[in-house]
Amino acid sequence: MAMIAVDTLNLSFGEGAAANQVLHDVSFDVAEGEAFGLVGESGSGKTTVLRCLAGQYTHWSGRLTINGEALGRTLDKARCRKLQMVFQDPYGSLHPRHTVETALAEPLAIHGISDASRRIDAILIKVGLPTSFRYRYPHQLSGGQRQRVAIARALILEPRILLLDEPTSALDVSVQAEILNLLAELREREGLTYLLVTHDLGVVAHLCERVAVMQQGRIVDLVDSAGLAGAAPEHPYTRMLVEASRHYSREMAEHGAADLNAVATV
């Protein structure tokens, strides 16, 4: 039985002649303990799929199931205990006037879970932060530290699934690998299932076993992530993404070095 099953998911915004369909019969499944990626250009519908699963969009049609249980169109506490979302911008997802302690204690209070102080210390240690950080505010943390807090907040309810929306794209390159390694370690240690949205094929290769390629609200390809680095994929759009990723890495590095040299000579 799949931990996540998405079957003919459709979603439109607007009504009548003005309706704009953004998801078209999206279907895939994710096994328990698997890390599954959704990739594609901006506007392809990747994050929209996550928002449907997370309960942020409720007017979808199709069928969504978690561990065999169908998801309704209303967000309830039971659903939040099963899956949590980690957002792209850790600073934007944390209240600037709330300490780390307050951010982590809030979901526990909502769900009536006791022993908050011990749980907060334990989850901070689990994501690699000192327990003294519970008294800090978001502006007192680096980008990587804020994302660790965001991951801790998602995990403090002990969900089985994490929905990851570009979890490293707002971070410096030097910090991205640390967060990816943390996510990989947490998944192995906690037996978590991941659904990861990203435009970075390198992130997919590092974290995921399989990847669905989305274009204009449709899944156009489903491949093993290891195959992205090997022979050219069959679908032309997937090939384009792979080639763009390769050229981006090489050419941007060359242009970056040229720009630095130009600045140095000014």
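These numbers come from the heavy atoms of this one structure, side chains and all, not from hydrogens, waters or symmetry mates.
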Taking side chain as C-beta onward, heavy atoms only, is [X] less than 4.5 Å from [Y]?
X	Y	answer
I4	L83	no
L186	K126	yes
Q215	D221	no
L195	F28	yes
R148	I179	yes
D7	S27	yes
L196	L38	no
V86	L183	no

Give, for atom [atom1] of [X] and atom [atom2] of [Y], the distance between the pair rounded to the nearest 0.5 Å.
X	Y	atom1	atom2	result
Q216	Y237	CD	OH	8.0 Å
T131	E101	OG1	CD	11.0 Å
E69	R79	CD	CZ	12.0 Å
R118	I123	CZ	CD1	10.5 Å
L71	I66	CG	CD1	5.0 Å
L94	Q147	CG	CD	8.5 Å

Say whether, by atom type as modelled, one donor and one acceptor occur between the side chain of [X] and the main chain of [Y] under 3.5 angstrom.
X	Y	value
T193	G33	yes
K46	M214	no
T99	T102	yes
Q84	C80	yes
R146	L141	yes
E209	A35	yes
S225	C208	yes
R153	E106	no
R119	S114	yes

Exercise for the section: Check whether more than 12 heavy atoms from other residues, nucleotides or ligands sit under 6.0 Å from atom CZ of R189, and answer yes or no. Expected result: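 More than 12 heavy atoms, drawn from other residues, nucleotides or ligands, come within 6.0 Å of this atom.
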Problem - R63 atom CZ: more than 12 heavy-atom contacts under 6.0 Å - result: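 No - once you tally the heavy atoms of other residues, nucleotides and ligands closer than 6.0 Å, there are 12 at most.
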Is there a path from [X] to [Y] through hydrophobic residues (I, L, V, M, F, W, Y) whose side chains come within less than 4.5 Å of each other?
X	Y	value
L23	V30	yes
V220	V6	no
W60	V197	yes
I125	I151	no
L201	L222	no

Exercise for the section: Salt-bridge test for R210 and D29: reply yes if a basic N is under 4.0 Å from a carboxylate O, no otherwise. Expected result: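 Salt bridge present between R210 and D29.
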Which pair of non-hydrogen atoms, one from [X] and one from [Y], has the smallest distance, and what is that distance?
X	Y	answer
L11	C52	CD2-SG, 4.0 Å
Q140	R136	OE1-CA, 3.3 Å
L180	L207	O-CD1, 3.8 Å
D200	T198	N-OG1, 2.9 Å
A212	I219	CB-CD1, 3.9 Å
P96	P138	O-CD, 3.9 Å

Exercise for the section: Go through T74 and T58 one step at a time and tell me if the side chain to side chain contact (heavy atoms under 4.5 Å, CB included) criterion holds. Expected result: CA-CA 7 Å; T74 57; T58 60; over 6 Å; no
Exercise for the section: Just say parallel, tilted or perpendicular for the rings of H139 and Y137, cut-offs at 30° and 60°. Expected result: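 Parallel.
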Identify every side-chain donor-acceptor pair in residues 157-175 under 3.5 Å, counting partners at least two apart or on other chains, and give the distances.
| unit_1 | atom_1 | unit_2 | atom_2 | d |
| --- | --- | --- | --- | --- |
| R160 | NH2 | E32 | OE2 | 2.8 |
| D165 | OD1 | T47 | OG1 | 2.9 |
| E166 | OE1 | H199 | ND1 | 3.1 |
| E166 | OE2 | H199 | N | 3.4 |
| E166 | OE2 | H199 | ND1 | 3.1 |
| S169 | OG | Q88 | NE2 | 3.0 |
| S169 | OG | E166 | O | 3.3 |

Completion exercise
For residues 35-45, the side chain to side chain donor-acceptor pair (under 3.5 Å) pairs (sequence neighbours left out) are none
Exercise for the section: Can you spot which of L104, I113, L124 makes a side chain to side chain contact (heavy atoms under 4.5 Å, CB included) with I156? Expected result: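 With I156 as partner, side chain to side chain contact (heavy atoms under 4.5 Å, CB included) holds for just one option, L104.
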Exercise for the section: Please list all pairs passing the ring pair (Phe, Tyr, Trp, His ring centres under 6.0 Å) test where one or both residues lie in residues 72-107, with sequence neighbours left out. Expected result: H95-H98
Exercise for the section: Evaluate the criterion side chain to side chain contact (heavy atoms under 4.5 Å, CB included) for residue pair S117 and R134; output intermediate values, then yes/no. Expected result: CA-CA 10 Å; S117 183; R134 65 189 295 164; 3.4 Å; yes
